[in-house]
Amino acid sequence: MRVLIGVSGSIAAFKSLILARLLYKEGHEVGVVLTRGALNFITPLSFQELAGARVLTDDDFFKGNTHIDLARWADVMVVAPATYNVIGKVASGIADDLLTATAAAFPHPIVFAPAMHTEMWHNRILRRNLDILRGVGHVILPVGEGPLASGDVGEGRMLEPEEIAHYISRLERLMEFWAGKRVVITYGGTYEPIDDVRVITNRSSGRMGLALASWLSMARAHVVAVACGGVPTAPSAEFHRVGRVLELRNLLLDMDYDYLFMAAAVSDYAPDYRPGKIKKSSDVLTLHLKRTVDVLSELGRNKKGTLVGFALEERDRLEEEAMRKLREKNLDYVVANPIDAIGSERTEVFLFGREGLLGRYSGNKWQVASEIVMRLASV
Ligand SMILES: Cc1cc2nc3c(=O)[nH]c(=O)nc-3n(C[C@H](O)[C@H](O)[C@H](O)COP(=O)(O)O)c2cc1C
């Protein structure tokens with residue numbers, strides 16, 4: 001693979017040398033873009049010598065269409081270390097140097113490995129910028145906790161180069177399996193209207209579906225993203241947004257797919273819809289809820305490809321419930337997670353196939369999603 005490493009001005013820049021070397025030794029072709037900030041910490045020569053890399057800096061920015069050529073050249077782009085500054089610039093659509101202009105032109109999700117001091121890592125502007133990047137499908141690798149270059153101890157250390165290399169290298173295997181496959185991913189929580197103003201929904205953040213869409217888009221699958229409710233758009237070749245369970249059902253039953261990941265949290269019950277706005281007239285308002293259609297069962301009865309269901313269960317009944325769902329609904333796989341995972345960034349999942357447990361993964365949802373798509377590629 002052709003891997004483009006963007007290096008920005010963090011004290012962790014020396015680790016990107018090790019990353020470049022590891023990727024080179026694994027047989028990848030390595031390209032490097034250094035920001036002006038990065039040049040304070042590391043030299044182009046080191047990358048050239050250690051990784052046979054083509055190294056570019058801002059001196060190359062206005063020598064033709066370098067950013068476009070680089071973005072077209074790379075199969076994968078990883079920004080490691082990613083500074084507070086570079087994260088903010090990419091999230092804000094700023095492209096005033098070679099690294100950020102290349103990021104703007106790169107048509108696939110980008111992998112960011114942040115590195116910064118703990119105070120910067122907890123800064124609320126950074127939090128918002130990371131959410132923006134995730135929301136448009138980029139992958140944010142987790143940071144480590146431990147001694148920082150300043151001598152302090154805390155969160156914000158860049159992930160070790162070996163771990164970053166591991167994620168990048170597995171993309172090659174993912175591409176072999178997923179490239180060109182039509183993959184439908186539903187995510188978020190359905191909205192069932194009570195009247196024209198209020199809805200019943202749930203606390204699904206859509207993060208797991210977004211993370212799956214990021215990895216599969218990077219692996220060049222033809223991703224069809226189906227967002228339920230107000231969750232962010234996902235990186236995809238096709239995008240749909242639905243509200244009600246029935247809308248979701250009608251859309252999905254019409255779709256062809258090689259794989260369908262049903263990561264959306266679908267309402268089991270819906271109220272009787274009343275047009276207009278229910279007046280605040282009495283102290284108690286009773287809503288009658290009726291069972292909604294079981295979308296997954298219908299998909300299981302009209303199967304067009306591999307069906308992956310998701311189950312949110314109590315920990316002590318996780319396996320039993322996941323296997324029951326798999327059999328009763330004619331699914332191929334079930335990703336089961338404990339109830340405490342809903343709406344949170346970290347999760348723990350259990351992947352079941354027809355024969356039982358295939359794997360157990362924990363971490364942030366981007367790490368776990370990568371394990372799931374990897375495991376399915378190796379079955
Ligand atoms: C010694 C030193 C270490 C730094 N380390 C980091 C760091 O780890 N992470 C970070 O976000 N910024 C760090 N900075 C600040 C950035 O270098 C600065 O914001 C710079 O403008 C980043 O430019 P760039 O993102 O274009 O490379 C450091 C600055 C100095 C002087």
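Quick caveat, the model's predicted, so the values are computed rather than measured. In each ligand, atom 1 is the first atom listed, and ligand 1 is the first ligand listed.
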Going by the order shown, which atoms of ligand 1 are within less than 4.0 Å of some heavy atom of [X]?
X     : value
Val86 : 25 (O)
Ile11 : 5 (N), 8 (O)
Ser8  : 25 (O), 27 (O)

Which residue and atom name correspond to the protein heavy atom nearest [atom], and how close is it?
atom                    : value
atom 29 (C) of ligand 1 : Phe41 CZ, 4.2 Å
atom 8 (O) of ligand 1  : Ser10 OG, 2.8 Å
atom 23 (O) of ligand 1 : Asn85 ND2, 3.3 Å
atom 16 (C) of ligand 1 : Gly9 O, 3.3 Å
atom 25 (O) of ligand 1 : Thr83 OG1, 2.6 Å

Please confirm whether [X] comes within less than 3.5 Å of ligand 1 when only nitrogen or oxygen atoms on both sides are compared.
X      : value
Thr35  : yes
Asp97  : no
Met120 : no
His117 : no
Tyr84  : yes

Is [X] reaching over with its side chain to a backbone N or O of [Y], donor-acceptor style, under 3.5 angstrom?
X      : Y      : answer
Thr83  : Gly9   : no
Trp366 : Leu141 : no
Arg170 : Met374 : no

Across all chains, not counting sequence neighbours, the side-chain contact (heavy atoms from CB on, under 4.5 Å) partners of Phe177 are Arg173, Lys181, Tyr259, Ala377
Residues passing the side-chain contact (heavy atoms from CB on, under 4.5 Å) test with Thr35, sequence neighbours excluded, are Ser8, Ala38, Asp97, Leu99
Tell me whether Glu321 is salt-bridged to Arg317, with the criterion being a basic N under 4.0 Å from an acidic carboxylate O. yes
* More than 12 non-hydrogen atoms from neighbouring residues, nucleotides or ligands closer than 6.0 Å to CD1 on Ile278, yes or no? -> yes
Within the 4.0 Å heavy-atom cut-off, what Ala115 brings close to ligand 1 is backbone
- Item | Stacked cation flag Arg244 on Tyr191, 6.0 angstrom / 45 deg | no
*Any protein heavy atom under 4.0 Å from atom 2 (C) of ligand 1?*
yes
Exercise. Specify whether the nearest protein heavy atom to atom 18 (C) of ligand 1 is under 4.0 angstrom away.
Key: no
- Would you say Val183 and Trp178 make side-chain contact, with heavy atoms under 4.5 Å? yes
**Message:** Looking at ligand 1, is there an atom of it that comes within less than 4.0 Å of some heavy atom belonging to Ala12?
**Reply:** no
| task | Kindly assign one of parallel, tilted or perpendicular to the pair His138 and Phe112, based on the angle between their ring planes and the thresholds 30° and 60°. | result | perpendicular
Give the ring-plane orientation class for Phe350 versus Phe352, where under 30° counts as parallel, over 60° as perpendicular and anything between as tilted. parallel
